[in-house]
Visitor: 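Pasting a structure here, questions to come.
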Amino acid sequence: MRVIESGIGELIQIPDMNAFREWNRTQKSRKLVDKLMTEQEAIRRFVYDGCYIGTELYGTVRCPMSLVREVIRQGIKDLRVAGQGVTELDLWLAAGIVKTLDITYIGLEVYGVSSALRRAVESGQVEKVVEWSNGGISWRFKAAAMGVPFLPVRSMLGSDTFKYSAAKIVECPFTGEKVALLPALILDVGLIHVHRADRYGNCQIEGITGFALEMARASKRLIISAEEIVPTEEIRRYPDRTVIPYYLVDAVVHAPFGSHPGEMAYRYCRDEPEIKAWVEASKTEEGARAYLKEWVYDLPDHQAYLKKVGRERLDRLVEGRERRE
Amino acid sequence: MRVIESGIGELIQIPDMNAFREWNRTQKSRKLVDKLMTEQEAIRRFVYDGCYIGTELYGTVRCPMSLVREVIRQGIKDLRVAGQGVTELDLWLAAGIVKTLDITYIGLEVYGVSSALRRAVESGQVEKVVEWSNGGISWRFKAAAMGVPFLPVRSMLGSDTFKYSAAKIVECPFTGEKVALLPALILDVGLIHVHRADRYGNCQIEGITGFALEMARASKRLIISAEEIVPTEEIRRYPDRTVIPYYLVDAVVHAPFGSHPGEMAYRYCRDEPEIKAWVEASKTEEGARAYLKEWVYDLPDHQAYLKKVGRERLDRLVEGRERRE
Amino acid sequence: MSEERYNPTELLICTASRLMEDEVTAFIGTGIPMLAAALAQRRQAPNLIPIFEFGGTGAILEDLPMAVGEARTFHKGLAASGICDIMETAARGFIDYGFLGGAQIDPYGNLNSTIIGPRHHPPKVRLPGSGGANDVGSLCWRTIIIIRHSRRTFVPKVDFITTPGYLTGPGAREEAGLPPGTGPLYVVSTLALLGFDEESKRMKLLKTQPGVTVDQVVAETGFELIIPSQIETNEPPSDEELRILREEVDRQRLYI
Amino acid sequence: MSEERYNPTELLICTASRLMEDEVTAFIGTGIPMLAAALAQRRQAPNLIPIFEFGGTGAILEDLPMAVGEARTFHKGLAASGICDIMETAARGFIDYGFLGGAQIDPYGNLNSTIIGPRHHPPKVRLPGSGGANDVGSLCWRTIIIIRHSRRTFVPKVDFITTPGYLTGPGAREEAGLPPGTGPLYVVSTLALLGFDEESKRMKLLKTQPGVTVDQVVAETGFELIIPSQIETNEPPSDEELRILREEVDRQRLYI
C-alpha cells in the first residue's frame with residue numbers, strides 16, 4: 001500500500017489489533033458478575049499513571065465528571081489523552097496531569113478559548129500534541145471498534161490538521177482517488193457516563209449517543225458511571241436499547257448527577273453558574289488551583305460533591321431538563 | 001496502494017462516491033413532504049429493469065415482502081441483486097427476474113438448499129455470481145454509508161469466497177499486516193420494512209436492526225414499508241429512536257403484515273405453514289410457478305394478499321408474537 | 001449407533017452441546033447449533049452467551065429460533081444490535097466459539113457451502129454460499145464444525161473454500177492475514193469427534209461415536225486421518241439429555 | 001454601523017441568518033450559527049434542518065443550545081444519533097451548508113483555529129483545535145464563514161490550516177482528495193459580506209455592512225481583496241429581526 005503522504009505527528013497508540021484481540025480474549029470476562037463499585041475503587045483499579053485515557057461525551061454533556069474528578073483526587077499523572085473536551089479535560093489540564101494529547105478540540109465553547117489548555121500547552125507541560133478533527137478521532141475509535149487497523153476517510157485532506165496528525169494518505173485501489181487513512185485508536189481506559197446500567201454493565205443511553213458506542217468498543221478497560229442502576233430484567237425486556245453490552249465493561253459506578261455541572265438529556269440541564277465559575281476561575285493558575293481545591297481535593301467523594309452543590313440547586317437543574325413533549 | 005491480490009469476481013457496482021454525493025445533493029430532497037403511497041406506485045416510480053436492488057432483513061425476518069411481491073407483479077426484470085435472502089430472493093429467482101447476484105447466502109435456512117437458486121444459477125439464467133460473506137456485504141453497505149470507497153476487514157482472507165469476490169488484499173501501512181479491502185456497495189434501490197414510519201420517512205425499528213441502517217444509507221432510492229404510520233410528533237418525541245431519517249427515503253408504504261410469511265419482532269410471528277408451502281412448491285419449476293400465480297400474479301395488491309391469508313390466521317400470528325416480558 | 005434411543009441429529013446435537021462451556025460467547029447458527037446451545041443452557045452452561053449474526057446477544061433460548069434473525073434470538077437478551085456490530089465484536093476477539101456446518105470438509109478443516117463441482121459458474125450444484133460462515137471461521141477464536149460423516153462430505157480437497165480452516169497447513173492462516181490463534185478446534189460428526197493435530201494442522205480422530213469403530217470412520221473419510229493409538233468412545237446421549245431435548249428444547253419437533 | 005440599534009454580534013447573526021435557505025440541511029456550530037439558525041427558522045426558513053455534529057438532526061430551536069451536544073440540539077428533533085453518523089451523512093453529500101468560524105482566514109478561505117505563531121509545539125498561542133470544523137469544511141457542500149473583521153483575522157497566510165478553504169487556489173481541493181464541488185461560499189464579517197472568485201478562488205468583496213466603506217474593508221484586510229466596481233450595502237438588521245433575536249431567540253441574553 002504505497003503511502004503518498006504521512007502526517008508528522010507521533011502515532012501515540014499503535015493500532016495492534018492482534019494484541020487488542022488477545023487482550024479481549026484473556027482480560028475481558030464473558031461472565032455476568034456484579035461490577036458495581038465506587039468511583040474510588042473503579043479509578044484505583046483501572047486507571048494508572050501514564051495510561052492512555054478517553055472520556056465521553058464532553059464536559060458539559062453526558063460526561064463522567066464524578067470519575068474525572070476522582071482521577072484528579074487520586075493523583076494519577078502523566079496521562080495520555082484523546083482530546084475532545086470541555087470542562088473535563090480542562091480540569092485535568094489545570095491539575096497538571098496530562099502529558100500527551102491526541103487533540104481535536106479543547107475549549108469552553110461559547111465562553112471561548114481554554115486558559116488551562118493555553119497554559120499547559122504553551123508552557124510545554126503537555127509534551128506532545130497531535131492534531132485530529134472531531135470526525136477523525138471518532139473514526140479512529142470506530143476503526144478500533146470494528147477490529148481493523150485503520151479506516152479511510154475523505155476528511156483532514158490538504159490541511160495542517162492532517163500534517164500534524166499521524167494519518168496517512170494513499171490512493172484508493174478501486175477509484176484511484178486520494179483518501180486519508182486514520183489509524184485505529186485503542187484506549188487503555190475509557191470513561192463513559194450513561195443514563196442506565198445494570199450491575200453487569202449493560203448500558204442504555206437516551207438522546208444522542210455521541211461517540212459512546214465507538215469508544216466503549218475501543219477501550220481495553222471501560223468504566224461506566226450511570227445515573228441509575230436498573231435490574232437486569234429491565235435490560236432483558238429492552239435488549240434493543242442496550243448500546244454498550246456488559247462484556248465491554250469493567251466497572252459500573254452509580255453516579256446520580258454524574259455529569260454535573262454538565263447536563264444529562266431528559267434528566268437535568270446544565271448548571272450555568274457553576275460552568276461560569278470554572279470559566280472565571282480557570283483564567284489564572286491560582287484561580288484554577290483554588291477551584292480544584294474547593295471542588296475536588298477538599299471533597300472526599302461524589303456524594304460530598306453533590307452535598308456541596310446542594311439539593312435545592314440540583315432540583316432546579318432537574319426542573320430545567322429537556323422533556324419528551 | 002499496492003494490491004497484493006485481487007478477487008476475480010466482477011465489480012458490479014463501482015464505488016464512485018463523488019457520483020453518489022452528487023446524486024444525494026441533487027436527487028434527494030431535504031424537504032419534509034408526504035411520501036405515503038401504495039406498493040404499486042412506489043415500485044412503479046423507483047424500481048426499473050436492470051436496476052441494482054437490495055432487500056433487508058431477509059425473507060423470514062422483517063422483510064418488505066409486500067414490496068418484493070409487487071416487484072414481481074409489475075414484471076420488472078434483469079435485476080442485479082445484493083444477495084442475502086430467504087423467501088424474498090427465492091421468489092425473485094423463481095420468477096426469473098434476477099440476472100446478476102452479489103451473493104452471500106440464499107437458502108431456506110432450516111429447510112436447506114434453495115431449489116429456486118439451484119435452478120436459476122445452475123442453468124446460467126443468472127448470468128453473473130460474485131461471492132461475499134454476510135459480514136462482507138454488510139460492510140460494503142457500511143462503506144457506502146460512511147461515504148468512503150472501501151473498508152478494510154480481516155475476513156474473507158485466504159478463501160475462495162475472496163477469490164470469487166471483487167475485493168482486494170493490501171498491506172496495512174500502519175502494521176504491515178494483510179487486510180482485505182471491500183469496495184463500497186451503492187444500491188440503485190433499497191427496500192426496507194420497519195415497525196413505524198411517519199409520512200416523511202422517519203423510521204423506527206424494534207429488536208435487531210440487521211443491516212437496515214447501513215443499507216438505507218447506501219441506497220440511491222429507498223422505499224420503506226411500515227407496519228404502522230405514525231404522526232411526526234411521535235417521531236419528534238423520540239428522536240433517539242429514529243434509525244432512518246426522512247431525507248434518505250423516497251417512498252413510504254403502509255404495509256401491515258408486510259413481512260408475511262416472515263415475522264416482525266413484537267408484532268407477529270412467522271407463518272410456518274405458509275413458509276413450508278413455499279419450500280414444497282419451490283422444489284419444482286411448475287410448483288414455484290403455481291405458487292407465484294396463486295400468491296402474487298393473481299392478486300392485485302397486498303390488501304388482496306392479506307385477505308387471502310385471512311384474518312383468523314393473521315390473528316394467530318399476532319398471538320404467537322415475541323413479547324417484552 | 002442405537003437406532004432406537006436417538007437419531008443421528010440428536011447425536012450431533014448432544015455431542016456438540018457437551019462442548020459448549022459455561023460463561024463463554026458462542027456464535028450460533030441456524031439448526032443444530034441452536035439446539036445444542038439451548039440444551040447446554042439447561043445443563044452445564046446456564047450462562048452460555050449465544051451470539052446471533054444479525055444482532056442477538058445473550059438470549060435465553062426458551063423457544064427455538066427457526067432463523068438467525070428471529071425475535072427468539074434476542075428473547076430476554078442482553079442486547080439486540082445489527083450484523084456489523086456482531087461481526088465487529090468477533091473481529092475484536094470477543095467471540096470465543098463459532099459453530100459451523102458445510103457440504104464438504106477437507107483435512108485442514110476448510111469448509112465448502114458454495115458450490116459442488118469444478119466450475120464456479122455456472123456450477124454443477126449451487127449451494128447457499130458463505131452467509132456468515134466465512135466471517136465466523138475467520139474471526140472467532142475457535143470454531144467447532146458439525147457435519148454428517150461420509151466420503152462425500154470428508155473430501156481430500158473441497159471444491160470451494162467458502163470458509164477457511166487451516167487452509168494449506170501450519171502458518172497458512174496467519175500468512176493469509178487472518179488473526180493469529182484462530183481456526184477449527186473440533187469436528188463433530190455422526191461417526192466421530194475429531195480435532196486437529198497441533199503440528200500439522202491436519203484432522204485427527206479423537207473419539208468415535210458410540211457403536212462406531214475406527215475402521216468405519218476411516219472407511220467413510222475421503223482422506224487420511226491422524227489416528228492416535230488409543231481411541232475412546234463418546235458417551236452416548238443420556239436419557240436426561242434426550243428428555244430435555246425432546247420435551248423442552250424442541251417441544252414441537254421442528255428439528256429432531 | 002449604528003451603535004444604538006444593534007451590536008456587532010447581532011449584525012453577524014442577522015447577516016448569516018439571511019443566507020440560510022428553507023428546506024436545506026445546515027451544520028450548526030456553537031454560538032452565532034445557532035442564533036442565526038434559530039432566527040432563520042422563525043423567518044424565511046421554517047423548515048431549515050439544523051444538523052449538530054454529535055447527533056442532532058432537525059431540531060426545532062425553541063431554546064438556544066449552549067453546546068453542540070446539548071438536548072436542545074435535538075429538541076423535537078427528527079433524529080438523535082451520534083457523531084460518526086452525522087459526519088458520514090456529510091461525507092455522503094447530504095449536508096448542504098456548514099457554518100464555520102476561526103481566529104484567522106486567508107484569501108482562499110483557509111481557516112485557523114489551532115495555534116497562533118510559527119511553531120506547532122509548544123506554540124505561541126494554543127487555540128482549541130479543529131473540533132468538527134475540518135470535517136465540516138471538507139465534507140459539506142458549501143461553507144459559510146462567520147468572523148470578526150480585522151487585519152489580525154484576515155491574514156495573507158494562516159499560521160495553520162485547521163480547515164481547508166480553497167487551499168492554494170483552483171483545483172487544489174480536488175488535488176488533495178477532497179470531494180469536488182465543495183468549498184467556502186461566503187464570508188460574513190463585521191465589515192462585509194464576501195465571496196470567492198469563480199476563477200481564482202480568491203476572496204471577493206460582495207457587499208459592505210451598513211455604514212462601512214469599501215476603504216474601511218480594504219484597510220482592515222491583510223491581503224488584497226477582489227473588489228468589483230459596483231458594491232452594494234447590506235440591509236441593516238431590521239427592527240423585526242432584532243425583536244425576534246432579542247425577545248424570542250436569545251431571551252436570556254446568553255449570547256447577544
Side-chain angles (χ1 to χ4, degrees), chain B residues 1 15-33 141-149 151 184 186 197-205 209 213-214 216-220 222 230-249, chain D residues 20-27 41 45-52 54-62 69-98 135 138-142 173-174 177-182:
Chain B
M1 193 127 99
D16 184 341
M17 300 317 296
N18 289 341
F20 191 39
R21 279 180 60 91
E22 191 61 28
W23 174 274
N24 290 335
R25 186 176 75 84
T26 59
Q27 305 296 313
K28 303 290 278 193
S29 174
R30 283 71 162 137
K31 201 165 169 171
L32 290 161
V33 287
F141 291 140
K142 185 165 180 163
M146 292 176 65
V148 295
L151 278 182
I186 300 165
D198 71 3
R199 289 165 169 262
Y200 306 135
N202 294 294
C203 302
Q204 300 178 342
I205 288 174
T209 50
L213 280 72
E214 293 82 8
R217 287 159 177 77
S219 297
K220 288 168 74 179
L222 180 59
V230 297
T232 296
E233 291 67 46
E234 183 67 11
I235 299 290
R236 289 192 184 274
R237 190 168 297 126
Y238 295 97
D240 41 5
R241 299 287 175 267
T242 302
V243 288
I244 301 172
Y246 78 99
Y247 54 78
L248 297 170
V249 176
Chain D
M20 295 185 175
E21 298 165 33
D22 200 19
E23 296 169 346
V24 299
T25 45
F27 229 116
Q41 274 194 345
N47 291 303
L48 170 77
I49 306 291
I51 311 268
F52 292 93
F54 288 105
T57 294
I60 296 174
L61 299 171
E62 289 174 1
E70 228 179 272
R72 289 169 179 186
T73 65
F74 48 93
H75 173 71
K76 296 185 185 173
L78 296 168
S81 58
I83 181 168
C84 288
D85 181 53
I86 294 298
M87 293 305 187
E88 292 159 13
T89 298
R92 292 197 312 280
F94 270 106
I95 307 190
D96 300 316
Y97 295 98
D135 308 302
S138 298
L139 300 170
C140 291
W141 283 105
R142 308 313 299 264
R173 282 180 70 93
E174 294 75 7
L178 291 166
T182 56

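Here is how names work: the chains are called A, B, and so on, in the same order as the sequence lines, proteins then strands, and each is numbered from 1.
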Visitor: Measure distances from D:T57 to the heavy atoms of chain B and classify the residue's part below 4.5 Å as side chain, backbone, both or neither.
Guide: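 Looking at D:T57, just its side chain touches chain B.
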Visitor: Check each atom of B:N18 against the heavy atoms of chain D and say whether the ones under 4.5 Å are side chain, backbone, both or neither.
Guide: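 Side chain of B:N18 only, per the 4.5 Å heavy-atom cut-off to chain D.
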Visitor: Side chain from CB out, backbone as N, CA, C, O: work out which of these in B:E233 comes under 4.5 Å of a heavy atom of chain D, or both, or neither.
Guide: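 The answer is neither part of B:E233.
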Visitor: Given that the side chain runs from C-beta out, which part of B:S29 has a heavy atom under 4.5 Å from chain D: side chain, backbone, both or neither?
Guide: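 Neither part.
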Visitor: Who among D:N47, D:D85, D:D22 has the most heavy-atom pairs with chain B under 4.5 Å?
Guide: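 Option with the greatest count: D:D85.
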Visitor: Which atoms of B:R25 are under 4.5 Å from chain D, going by heavy atoms: the side chain, the backbone, both sets, or neither?
Guide: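 Contact with chain D involves both backbone and side-chain atoms of B:R25.
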Visitor: Could you tell me which portion of B:L32 (side chain, backbone, both or neither) has an atom closer than 4.5 angstrom to a non-hydrogen atom of chain D?
Guide: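 Interface part for B:L32: side chain.
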Visitor: Can you say whether B:M17 sits under 4.5 Å from chain D via the side chain, the backbone, both, or neither, judging by heavy atoms?
Guide: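 Looking at B:M17, nothing touches chain D.
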Visitor: Out of B:E22, B:R241, B:R237, return the one with the most heavy atom pairs under 4.5 angstrom to chain D.
Guide: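 Top count of heavy-atom pairs under 4.5 Å with chain D: B:E22.
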Visitor: Looking only at heavy atoms, which two atoms of D:I49 and B:R30 are closest? And how far apart?
Guide: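 Nearest pair, atom of D:I49 first, then B:R30: CG1-O, 4.0 Å.
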Visitor: Counting only non-hydrogen atoms closer than 4.5 Å, does B:Y200 touch chain D with its backbone (N, CA, C, O), its side chain (CB onward), both, or neither?
Guide: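 The answer is neither part of B:Y200.
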Visitor: Measure distances from D:L78 to the heavy atoms of chain B and classify the residue's part below 4.5 Å as side chain, backbone, both or neither.
Guide: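 Both parts, heavy atoms under 4.5 Å.
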Visitor: At what distance, to the nearest 0.5 angstrom, does CD1 of D:I60 lie from CZ of B:R236?
Guide: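 It comes to 4.0 Å.
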Visitor: Where along residues 86-95 of chain D does a heavy atom come under 4.5 Å of chain B, listed by residue number?
Guide: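 Residues of residues 86-95 of chain D touching chain B at under 4.5 Å: D:E88, D:T89, D:A90, D:A91, D:R92, D:G93, D:F94, D:I95.
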Visitor: Name the member of B:G147, B:P245, B:A145 that forms the most heavy-atom pairs with chain D at distances under 4.5 Å.
Guide: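 Winner by heavy-atom pair count: B:A145.
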